[in-house]
Amino acid sequence: MARQGKGGAGTRGSGRTRPAPRPRKVSPAVYRRRRIAVLVLMVLVLGVLGVGVWAAAVDVGSVADDARRTGTVPVADPAATPEARSATPSPDASANAAPTSTGTATAMPDASASPAASATTGTATASAGPCDPHLITVSASTDKPSYAPNEKPVFTLKVTNGNPMPCEVNVGTKQMEFLVVSGTDRVFSSKDCQADAQDLPKTIAAGASETANFPWARVRSTEGCKAATVQPKPGIYVMTASLGATTSSKAVFELK
């Protein structure tokens, strides 16, 4: 019985629970070491990032240096910028016409003449473009003011470009006419018996001129090139020159 009592007492003594151990307090030195470790890690990360940025900058600089040495510069895609998409080429106004010097376009194979003794001016029509047709002028002239019975007049048509840029004008024989009248009498037209007439578009430089000369044999002509029995008599005559739909003013001369 005494043993059981001791055993029972022993059992009750061993069933008591021990209190949980208190957490150990971290010393300030440990905190300092931890902070230093975090700072060192941040410095390393920042250093790595800085090295990467520096390497990229060096690479870009080397590309630019190579471009300057080789003379090649990267060109951006024109479609990538709003300015390029909205830009329209100006047009070059003078990119389809080249300046030409003053020349002579002969209306007949054997035509030749000296500068006019009397001249008058009209307006010719230029081709479509920036040229002002009112600045394309046509003048008519004769090589002498009067002619002896054995002399033949030479008529001159002169077209001048008064525009500040070269202009294309049709100076072909198909566009020209030399007309002689005396009062209301239609004496002669170069178109009455004209053969193989052609168009000749030609670019005339700014301020330049082209001339066409026509020797008149002092004969009368009729439409359709019919034979004329009456020849021009001595007297005062008027000659006009036409280029296309434009007719010059009058050039007056005398036949003796």
Side-chain angles (χ1 to χ4, degrees), residues 78 83-145 147 152-181 188-192 194-216 237-253:
E83 294 81 4
R85 288 193 297 268
S86 61
T88 55
S90 42
D92 210 93
S94 354
N96 57 353
T100 60
S101 60
T102 302
T104 299
T106 306
M108 297 293 287
D110 59 348
S112 61
S114 59
S118 60
T120 52
T121 302
T123 302
T125 303
S127 61
C131 296
D132 185 354
H134 295 90
L135 297 180
I136 306 294
T137 58
V138 173
S139 63
S141 62
T142 59
D143 61 331
K144 295 176 64 175
Y147 301 90
K152 295 179 180 179
V154 176
F155 303 147
T156 299
L157 180 153
K158 182 179 181 181
V159 55
T160 302
N161 177 20
N163 284 275
M165 75 284 290
C167 297
E168 186 179 87
V169 181
N170 190 340
V171 296
T173 55
K174 191 174 182 180
Q175 302 298 319
M176 295 181 186
E177 181 183 18
F178 297 89
L179 180 66
V180 179
V181 299
F188 174 83
S189 171
S190 60
K191 282 187 172 293
D192 289 341
Q194 190 176 51
D196 299 327
Q198 296 179 353
D199 288 319
L200 180 61
K202 193 165 187 178
T203 298
I204 303 178
S209 300
E210 293 288 334
T211 59
N213 302 316
F214 184 87
W216 183 42
Y237 291 83
V238 174
M239 188 272 292
T240 55
S242 299
L243 186 65
T246 304
T247 301
S248 72
S249 299
K250 300 174 181 179
V252 181
F253 64 97

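In this chain, numbering begins with 1 at the start of the sequence shown. Note that the structure is a prediction, hence the values are computed from the model and not measured.
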Please confirm whether the backbone N or O of Asp199 pairs with a side-chain atom of Asn170, one donor and one acceptor, at under 3.5 Å? no
Separation between CG (Leu243) and OG (Ser139), nearest 0.5 Å, reads 11.0 Å
Worksheet item: With a 4.5 Å limit on heavy-atom distance, are the side chains of Cys167 and Ile204 in contact?
Response: no
Relative to each other, are the rings of Tyr237 and Phe253 parallel, tilted or perpendicular (30° and 60° limits)? parallel
Subject >> Donor-acceptor contact present, side-chain Thr160 to main-chain Ser209, <3.5 Å >> reply: no
Worksheet item: Do other residues, nucleotides or ligands put more than 12 heavy atoms under 6.0 Å from the CG atom of Asp196?
Response: no
Rounded to the nearest 0.5 Å, the OG1 atom of Thr142 sits from the CZ atom of Phe155 at a distance of 7.5 Å
The reported gap from CD in Glu168 to NZ in Lys202 (rounded to nearest 0.5 angstrom) is 11.5 Å
When every non-hydrogen atom of Gln194 is compared with those of Ala197, the smallest separation belongs to OE1-CB, 3.6 Å
Heavy atoms of Lys191 and Lys174 approach each other most closely as NZ-O, 3.0 Å
Tightest non-hydrogen contact, residues Met239 and Val180, listed as CG-CG2, 4.2 Å
Next on the checklist: Just so I know, are the side chains of Leu157 and Val138 near enough to count as touching, which here means a heavy-atom distance under 4.5 Å?
Outcome noted: yes
Determine whether Ile136 and Asn163 satisfy the following criterion, side chain to side chain contact (heavy atoms under 4.5 Å, CB included), listing intermediate values before the conclusion. CA-CA 7 Å; Ile136 306 294; Asn163 284 275; 3.5 Å; yes
Heavy-atom closest pair (Ser190 atom, Glu177 atom, distance to 0.1 Å) is OG-CA, 3.4 Å
Do the side chains of Lys152 and Pro215 get nearer than 4.5 Å, heavy atoms only? no
Here the gap from Gln198 atom CD to Thr173 atom OG1, rounded to the nearest 0.5 Å, amounts to 6.0 Å
* How are the rings of Phe178 and Phe214 set to each other: parallel, tilted or perpendicular (split at 30° and 60°)? -> parallel
Closest heavy-atom pair, Cys131 versus Pro166, reported as atoms and distance to 0.1 Å, is SG-O, 3.4 Å
Ser248 and Ala140 have their tightest heavy-atom pair at OG-CB, 3.0 Å
